[in-house]
Structure formats: structure tokens, C-alpha cells
Amino acid sequence: MTATAPITQDVMTIPRKLPEGPMNLVGLTRDGMRTALIAHGTPEKQAKMRVGQIWQWIYQKGVREFGQMTNLAKPYRAELAEHFTIEVPEVVTRQLSEDGTRKYLVRIAGGHEVEVVYIPEEGRGTLCISSQVGCTLTCSFCHTGTQKLVRNLTAAEIIGQVMVARDDLGEWPEPGRNPKDETRLLSNIVLMGMGEPLYNFDNVRDAMKIAMDPEGISLSRRRITLSTSGVVPEIARTAQEIGCLLAVSFHATTDEVRDTLVPINKRWNIETLLAALRDYPKVSNSERITFEYVMLAGVNDSDADAHRLVKLIEGIPAKINLIPFNEWPGAPYKRSSGNRIHAFADIIYKAGYASPIRTPRGEDIMAACGQLKSATERARKSRAQIESEAGLR
């Protein structure tokens, strides 16, 4: 890797043509909304107050019609409706797993579709959201990664996934009730859906700022986890500009194996990645970094791998999430056996690290980790093609 290695992906994304007509207020930062309101006639002295009012209606109360914003004068509401809209992605299908997991296929501008997954757990509810249509990366064990990148999602399309899930969960506060009185069904966000969030940094940052805003959705930054495959130059920015928790798709303990499983490793190898991760908790005030490790039979699941992993992360406040491989049609790998996974976990645990084994969720609706893939964007590939692209042939 040279110092001039590009931060952005090497593939061309289809530029998003903004639709004609009214501007969508969803996804704008507070400053962006203020600028837009002033540009369409809101007096500058009133603009900050108006942003605060509209912001609360959209993000705290879930209102989609300006006519319902009763603390704004009727003529002003009509003016807003003329110039602006409040739009979120359209839910195309909603699937409910036997274990309570919900998977939404949502349609965004241009007719593209992405998948969003809600996972209910004891005392919390986690929403797994997407940041790109398709994926920049070609991680060979990931079904989503067999789909070509189409484009980055906008901030509106990212925060919109949170809003449509809250719609479905019936989680917007009832009129007259303090939102703090209500139990949060959607308490956590993980950027672990389709795409590499750090290749869409600005839109992800703006959407998460909206999610964390105390006058809106109001999630603590400690309830948001961003998962990256290791886009090293953007890791420091994530600490400084978002400050959320960080998860890393690690999956291997040697560069040789990680080059195949997570090809971005050829640009930023394990040593370079770990150097960036050592600084993250200090800058972001994050408690610890989560290392995600998918368990692949005969590939990365030996005792020697477990001992190497412990040695590599020495000195980094960390937990290791062991993920049983979620198989999909044509997958070139097999899941490690239960005994092998537990033996691996035991080595890590005895070294002093939490090593939870993730229970696969939503497998019956293809909603588990690494299985997300939009039917409309899917390139139907044979097992031979997938193995060839993964460097296994």
C-alpha cells in the first residue's frame, strides 16, 4: 500500500439524479435544512426555530404531512408543502421469521431495492441497516458481496430505513404522551447490512447524526455500531465525526487467508488495520471494538487460528463475535461444527476476551448475517463462478 492509495472505491457508481420537484427534508442535517428553508422564503431570523419545530415533527413524532404540524401557522405549512416533501423508502415486502426477526425489502430512488433486518432480543431490538445498493467488496463468504455495487445510499435513504422500521413497529409516540415514557422496541442500530459504510462516509455520518440527535430519534452513540471490513483511512474519521461503536469484519489471522476472504486486505493488511484500531477507543471514547469472525470449516477455525487471533489483538479493548457461517445457495464454504466453534471460543475466553457465539437469526427468510441480497439486483451465479471469483478454483 502506498500513501496515495485512494480512499474511495475503485468502481464507478451510477450517479444519482435528484428528482425534479419538491425537496425531501428527510436526511438533511440541521444546517442543511436551515439553508433550504431560507432559500425558499423562511426569514433568516426564524430559520433556526423553524428547523427545531420541523425536526421534532419528523424525527420525534414521525409525522409525514406538513398539515399536521400544528405549532406552525397554516399559511407557512402550505408554503412548506409547496416546496418540500417528507419521504422515506417504500416497503416492497415484509417477511416475518419464526424467531420474530423481520426483513424488509425497501425501494429507493431509481427503482433499486435494499434489505433491512429488525432483530428482537431480550431487553433490546436491533435494526441492521444498509449503506449501499449492492457492495463494493467481494468478500467470498458473503452472499451480499456476490452482488455488484450499484450506488451509495443517500443520508435520507439510510435514516429512512430506521423510520420505516419504526412505522412497522408502531413506535412513534402517541399524541400527548412523552416519548421517554415509551419502551424502545428499536433500541440499537447496526450498520451491518448491504455495503461498506466507510465507502459512503458522509451520508452515513449525516444519517447517524440524525439518529443520535436528542430532539429526534435520540439514540445514544453507544447504541450504534458501524461495521467495516477495514477501510483504514476512514477509521479515524469515524471516531472523530461519529463516535459510535466500531465492529471490524476480521475473519482471518493471516494475510494469506484474509486476502481471499476479505480482499480489501490486499490494500490495508492486518498489521495496518490493527494499528488504526489501537487508536480508535482513545479518540471515540468507545468501550471496546468488536471483532467479527465468521467460522468457516477448515479455513480459519483451527486452534492455531484462535491463538494467533488472541496474540494479534493484544492490547486492544475488544470482544470477539464468533459467527457460524450462514450458508446460501452456491456458497463455496461450509459452517464449522458446533464442537469446533466452542473449542475456538474457549481459547479466546481463557485469554480474557468475551467470545459470544452469535445465534443465527432469520435464516428461514434469508435474513442472517451475510445473506442479504436484493432479488432485483441479484446476479445469478453458479457455484463454479462464485468459487472462481473467490480464488478457490
Side-chain angles (χ1 to χ4, degrees), residues 5-18 24 26-29 32 87-89 104 106-117 127-139 142 144-165 189-212 217 219 221 224-249 262-264 267-268 273 276 280 284 292 370 372-374 377:
I7 292 173
T8 52
Q9 63 270 28
D10 297 331
V11 295
M12 288 292 291
T13 59
I14 297 172
R16 180 172 178 275
K17 188 178 177 216
L18 288 170
N24 188 11
V26 174
L28 296 180
T29 61
E87 288 180 27
V88 298
Y104 311 98
V106 301
R107 183 171 294 139
I108 57 173
H112 302 299
E113 292 169 354
V114 294
E115 290 179 332
V116 189
V117 177
L127 190 71
C128 179
I129 63 176
S130 296
S131 56
Q132 296 179 314
V133 185
C135 190
T136 324
L137 308 168
T138 51
C139 300
C142 178
T144 316
T146 65
Q147 173 186 330
K148 296 295 181 217
L149 177 72
V150 179
R151 72 166 171 84
N152 286 335
L153 298 189
T154 64
E157 290 160 349
I158 296 168
I159 197 65
Q161 294 170 60
V162 179
M163 295 167 77
V164 296
I189 292 172
V190 293
L191 284 141
M192 296 183 185
M194 296 163 67
E196 166 54 68
L198 296 190
Y199 274 151
N200 187 15
F201 185 89
D202 291 354
N203 288 317
V204 166
R205 176 200 58 212
D206 290 351
M208 292 307 99
K209 289 286 189 190
I210 292 169
M212 294 185 280
I217 294 169
L219 287 179
R221 63 186 180 81
I224 297 172
T225 302
L226 183 151
S227 175
T228 179
S229 56
V231 185
V232 166
E234 304 290 46
I235 287 174
R237 280 187 76 198
T238 305
Q240 293 155 1
E241 298 180 36
I242 305 175
C244 59
L245 301 184
L246 191 70
V248 181
S249 293
V262 189
I264 197 174
R267 179 175 299 173
W268 296 295
L273 173 59
Y280 192 89
S284 68
E292 295 164 316
L372 299 192
K373 192 173 175 81
S374 159
E377 308 290 347

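Predicted model only: the values in this text are computed from it and were never measured.
Checked by atom type and distance alone, the side chain of N200 never pairs as donor or acceptor with a backbone atom of N152 at under 3.5 Å.
Atom CE of M163 sits about 6.0 Å away from atom CD1 of I217, to the nearest 0.5 Å. Remark: Q132 CD to I158 CD1 distance equals 9.0 Å, nearest 0.5 Å. Summarising the geometry, atom CE belonging to M192 is positioned 7.5 Å from atom OG belonging to S249; distances are rounded to the nearest 0.5 Å. To the nearest 0.5 Å, atoms CD1 (I189) and SG (C244) are separated by 10.0 Å. Taking CG from L245 and OG1 from T238, the interatomic distance works out to 12.0 Å, rounded to the nearest 0.5 Å. In this structure, the separation between CD1 on I242 and CE on M212 is 6.5 Å, given to the nearest 0.5 Å.
Taking all atoms of both residues into account, the shortest heavy-atom contact from A165 to L127 is CB-CD1, 3.6 Å. Scanning both residues, V106 and V164, for their nearest heavy atoms gives CG1-CG2, 4.2 Å. What you find for A207 and I159 is that their closest heavy atoms are O-CD1, 3.4 Å. Contact between S229 and I264 at its shortest, heavy atoms only, is O-CG2, 3.6 Å. Of all heavy-atom pairs spanning S131 and V204, the tightest one is CB-CG2, 3.9 Å. Of all non-hydrogen atoms in D206 and A155, the two that sit nearest each other are CB-CB, 4.0 Å.
Applying the side chain to side chain contact (heavy atoms under 4.5 Å, CB included) test between Q161 and each of V117, I108, I129 identifies I129 as the sole match.
Residues that satisfy the side chain to side chain donor-acceptor pair (under 3.5 Å) test with S227, not counting sequence neighbours, are E292. In this structure, the side chain to side chain donor-acceptor pair (under 3.5 Å) partners of T228, at least two apart in sequence or on a different chain, are E196. Under the salt bridge (Lys or Arg N to Asp or Glu O under 4.0 Å) criterion, R221 pairs with no residue, sequence neighbours left out. Under the side chain to side chain donor-acceptor pair (under 3.5 Å) criterion, N24 pairs with no residue, sequence neighbours left out. By the salt bridge (Lys or Arg N to Asp or Glu O under 4.0 Å) test, E241 is found to be paired with R205, R237, residues two or more places apart in sequence or in another chain being considered. With sequence neighbours excluded, no residue forms a side chain to side chain donor-acceptor pair (under 3.5 Å) with Y280.
Residues M208 and L226 form no side-chain contact, since every pair of their non-hydrogen atoms from C-beta on lies 4.5 Å or further apart.
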